[in-house]
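Since the structure comes first, as structure tokens, the remarks are kept for the end.
Predicted, not measured: the structure shown is a model, and the values here were computed from it.
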Amino acid sequence: MSVDVSILCPTIRTPLLPAFYESSQRACVDHSYEIVFVSPFEKPKYFEDKRNVKWIKDYGCPSRATQIGAAQCEGEFIYNTVDDGLFVEGCIDSAITQFSEECKPSDIINIRYRE
């Protein structure tokens with residue numbers, strides 16, 4: 001699966017993830033994306049039919065989870081984030097557009113989010 005952006009999210013707060021996922025749908029409408037969750041917990045039933053979600057079970061610390069998840073990301077871009085926030089509508093689309101128009105391949109864009 002080739003996608004434009006991989007959203008990488010180490011997580012322990014699984015009850016928050018449905019809202020996280022739904023906000024990602026509003027944040028990335030014009031581009032393809034996947035979400036790579038890394039967690040010590042079982043994948044919630046909510047995600048069973050979500051084809052753009054990868055669930056990796058690991059018991060390590062968040063920095064280890066990030067490294068493990070990054071190795072599984074297939075996107076041209078990786079957005080490393082946390083599980084206790086929601087995306088602003090269109091923010092990922094805007095970041096990809098801005099990067100395409102203004103940046104070199106070695107540049108980085110950071111996306112802020114609201115809790």
Checklist line | Residue pair T97, H31: steps toward the side chain to side chain contact (heavy atoms under 4.5 Å, CB included) verdict | finding: CA-CA 10 Å; T97 299; H31 298 87; 4.3 Å; yes

Item checked: Under the ring pair (Phe, Tyr, Trp, His ring centres under 6.0 Å) test, residues paired with F47 that sit two or more places apart -> Y21, F37

State plainly whether one hydrophobic cluster holds both [X] and [Y], where clusters connect Ile, Leu, Val, Met, Phe, Trp and Tyr through side-chain heavy atoms under 4.5 angstrom apart.
X	Y	value
W55	I35	yes
L86	L16	no
I56	V53	no

So, do [X] and [Y] sit near enough that their side-chain heavy atoms are less than 4.5 Å apart?
X	Y	result
Y33	Q25	yes
D58	S39	no
T14	F20	no
V29	D93	yes
C9	V38	no
S6	Y79	no
T81	F87	yes
F41	L17	no

Can you tell me how far apart [atom1] ([X]) and [atom2] ([Y]) are? Round to the nearest 0.5 Å.
X	Y	atom1	atom2	result
E76	S100	CD	OG	7.0 Å
C73	I68	SG	CD1	12.0 Å
I92	C28	CD1	SG	5.0 Å
I109	S94	CD1	OG	10.0 Å

Next item on the list: Name all pairs fulfilling the salt bridge (Lys or Arg N to Asp or Glu O under 4.0 Å) condition that reach into residues 36-45, sequence neighbours left out, sorted by first residue then second.
Entry: E42-K57

Note to self: Checking the side chain of D83 only, and the main-chain atoms of I12 only, is there a donor and an acceptor separated by less than 3.5 Å?
What the structure shows: yes

Check: Just by distance, do the side chain of D107 and the backbone of K104 share a donor-acceptor pair under 3.5 Å?
Finding: yes

Margin query: For E22 and Y46: C-alpha separation, side-chain torsions, deciding distance, then whether side chain to side chain contact (heavy atoms under 4.5 Å, CB included) applies.
Written below: CA-CA 11 Å; E22 290 166 12; Y46 176 87; 2.9 Å; yes

Check: Which heavy atom of E34 sits nearest a heavy atom of Q72, and at what distance?
Finding: OE2-O, 4.1 Å

Item checked: Those residues that, when tested against T66, pass side-chain contact (heavy atoms from CB on, under 4.5 Å) (two or more places apart) -> L8, P10, N80

